[in-house]
Asks: 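For reference, the structure I am asking about is given below.
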Amino acid sequence: MFSSKMSRKLATKTLTALGVVSVLSLPQMVQADTFPERPVSMVVSYSPGGATDFQARIVTMLAGNESYLGQPMVILNKPGAGGKIGWDFYASKAKKNGYELAAYNVPHFIAQSIVFKTKYNIDNLEPIANWGADPAVLVVGKDSPFNTLEDLMSFAKENPKKVTFSGAGLYVGHHIAFLQFAKESGLKMTYIPHKGGTPAMKSVMGGQVKAGFNNLSDAFRNRDSVKILAVADLQRNTEFLPDVPTFMEKGVNVDDSSVNFRGIMARKGTPPEVLSYLSQRVPLMFDDNKTTKKMSAAGSPVRVLSREEVIKMWKEREIYLKELLADLKK
């Protein structure tokens, strides 16, 4: 039973969906046949040019394609406090209609909701789909005397608190990687939170800090200006950094807790038929060859997860982070 007001554009979009999404059921089609009728906005809680912003613009560039949303997605940057400013705004001000979405970063928003008083948590937000998983890496400037993780650790041992690290804020993946590194190595080092990954990386490149934790994707794009000493993940990244060891390979027990999962979410209370529509179309957009090729060229690891998989991941990460953060010092 189709609405008599369905436009030719919407009919074409629906027929295209039938060919692409075999699992799309008739009730969902009927409920979603008028959505979206206008551009969709997405809040990015980080600076323009940072990894989240950079990747968000890639993974949403095909939103206007009739096979996906048939409407463009517009990025709204609201940086500050490691994402807290943007997510507080989103969780309290955004409309629950599917036209106002946000990018999420795990572990960032979950860790902040555990440590700080925030307006957001996993219970008042609805995941739509995940597009990537970007590990934290330890970087130093190109002219740094440190060429290996051992070089840096040896200096830090002889010079307590003299090794300064930049990162994109408090209780973001960078900070969690630093806390794990400091705890597991027993070294006394100093973390300096920045307003985002871009200024944090610039402070390493400019020599304002001796080292930094940043995203693999940002480090890869700036690899001519920095040295990447170690990856905070369980395994090497054979696609982009096959020659860079993990902390665990070097005997430092830093696991994958800081790996930055990125995706799109809505506010709780968004109509179920809209959530269903978005959760079916958005992952297809992330998996498009044009999207994955552009992500790969930018050194950005792709990991597409469905809404159901992200719901499970959010719950598991919250349990794990509560235990981890209780054991780490600021």
Asks: Apply ring pair (Phe, Tyr, Trp, His ring centres under 6.0 Å) to F213 and F165, showing your working.
Replies: CA-CA 7 Å; F213 276 101; F165 280 81; 5.4 Å; yes
Asks: Side-chain contact, heavy-atom cut-off 4.5 Å: V310 with M265?
Replies: no
Asks: Report yes or no: does D287 contribute a side-chain atom to a donor-acceptor pair with the main-chain N or O of L284 at less than 3.5 Å?
Replies: no
Asks: Are the side chain of S166 and the backbone N or O of G212 linked by a donor-acceptor pair below 3.5 Å?
Replies: no
Asks: I'd like to know if the side chain of D134 reaches the main chain of S217, judged simply by a donor and an acceptor atom lying under 3.5 Å from each other, with no hydrogens or angles considered.
Replies: yes
Asks: Checking side-chain contact (heavy atoms from CB on, under 4.5 Å) for the pair F54/D218: CA distance, chi angles, key distance, verdict?
Replies: CA-CA 9 Å; F54 184 79; D218 278 332; 5.8 Å; no
Asks: Classify the side-chain pair D288/Y68 by whether it contains a donor and acceptor separated by less than 3.5 Å.
Replies: yes
Asks: A quick test of your reading: do over 12 heavy atoms of other residues, nucleotides or ligands sit less than 6.0 Å from NZ of K142?
Replies: yes
Asks: With the side chain counted from C-beta on, respond yes when P107 and R317 share a heavy-atom pair under 4.5 Å apart, and no when they do not.
Replies: no
Asks: Treat each ILVMFWY residue as a node, draw an edge where side-chain heavy atoms are under 4.5 Å apart, and state whether F89 and Y99 are in one component.
Replies: yes
Asks: Quick check against the 3.5 Å criterion: does Y191 have a side-chain atom that pairs as donor or acceptor with the backbone of G169?
Replies: yes
Asks: Think R303 forms a cation-pi with F261, using NZ or CZ under 6.0 Å from the six-ring centre and within 45 degrees of its axis?
Replies: no
Asks: If only atom types and distance count, is the side chain of K84 paired as donor or acceptor with the main-chain N or O of T118 below 3.5 Å?
Replies: no
Asks: Is there a path from M201 to F240 through hydrophobic residues (I, L, V, M, F, W, Y) whose side chains come within less than 4.5 Å of each other?
Replies: yes
Asks: Between Y104 and W87, is there a donor-acceptor pair closer than 3.5 Å when you use the side chain of the first and the backbone of the second?
Replies: no
Asks: Do I311 and V259 land in one hydrophobic cluster if side-chain heavy atoms of ILVMFWY residues count as linked below 4.5 Å?
Replies: no
Asks: Go through L69 and L278 one step at a time and tell me if the side-chain contact (heavy atoms from CB on, under 4.5 Å) criterion holds.
Replies: CA-CA 8 Å; L69 301 188; L278 288 169; 3.9 Å; yes
Asks: Determine whether M73 and L101 make a side-chain contact, defined as any pair of heavy atoms from C-beta on separated by less than 4.5 Å.
Replies: yes
Asks: Scan side-chain atoms only and decide if D255 and S257 contain a donor-acceptor pair under the 3.5 Å cut-off.
Replies: yes
Asks: For S154 and E150, test the side chains for any donor-to-acceptor distance below 3.5 angstrom and give the result as yes or no.
Replies: no
Asks: With the 4.5 Å side-chain cut-off for hydrophobic clustering, are L76 and V40 part of the same group?
Replies: no
Asks: Hydrophobic clusters here meaning ILVMFWY residues chained together by side-chain heavy-atom distances under 4.5 Å, can you tell me if V231 and F178 are in one?
Replies: no
Asks: Would you mind reporting whether F286 and I264 have side-chain heavy atoms less than 4.5 Å apart?
Replies: yes
Asks: With distance as the sole test, does R267 use its side chain to make a donor-acceptor pair with the main-chain N or O of A94 at under 3.5 Å?
Replies: yes
Asks: Can you confirm if the aromatic rings of F109 and W314 lie within a centre distance of less than 6.0 Å?
Replies: yes
Asks: Under 4.5 Å between any side-chain heavy atoms of M285 and N65, yes or no?
Replies: no
Asks: With no hydrogens and no angle check, just 3.5 Å: does a side-chain donor-acceptor pair link S258 and Q180?
Replies: no
Asks: What's the verdict on side-chain contact (heavy atoms from CB on, under 4.5 Å) for R262 and V59, showing C-alpha distance, side-chain angles and the deciding distance?
Replies: CA-CA 11 Å; R262 297 188 179 93; V59 300; over 6 Å; no
Asks: Do the two ring centres, one from F181 and one from F247, sit under 6.0 Å apart?
Replies: yes
Asks: Return yes if a side-chain donor-acceptor contact under 3.5 Å exists between T270 and E126, otherwise no.
Replies: no
Asks: Evaluate the side-chain contact (heavy atoms from CB on, under 4.5 Å) criterion for residues L187 and V163: first the C-alpha distance (whole Å), next the side-chain angles of each, then the deciding distance (0.1 Å), finally the verdict.
Replies: CA-CA 10 Å; L187 297 170; V163 178; over 6 Å; no
Asks: May I ask you to decide if G82's main-chain N or O and Y46's side chain share a donor-acceptor pair within less than 3.5 Å?
Replies: yes
Asks: Does some side-chain heavy atom of K290 sit less than 4.5 Å from a side-chain heavy atom of M61?
Replies: yes
Asks: So, applying side-chain contact (heavy atoms from CB on, under 4.5 Å) with D88, which one of K117, K119, Q112 is it?
Replies: K119
Asks: Has the side chain of E249 got a donor or acceptor atom that lies under 3.5 Å from a matching backbone atom of T246?
Replies: yes
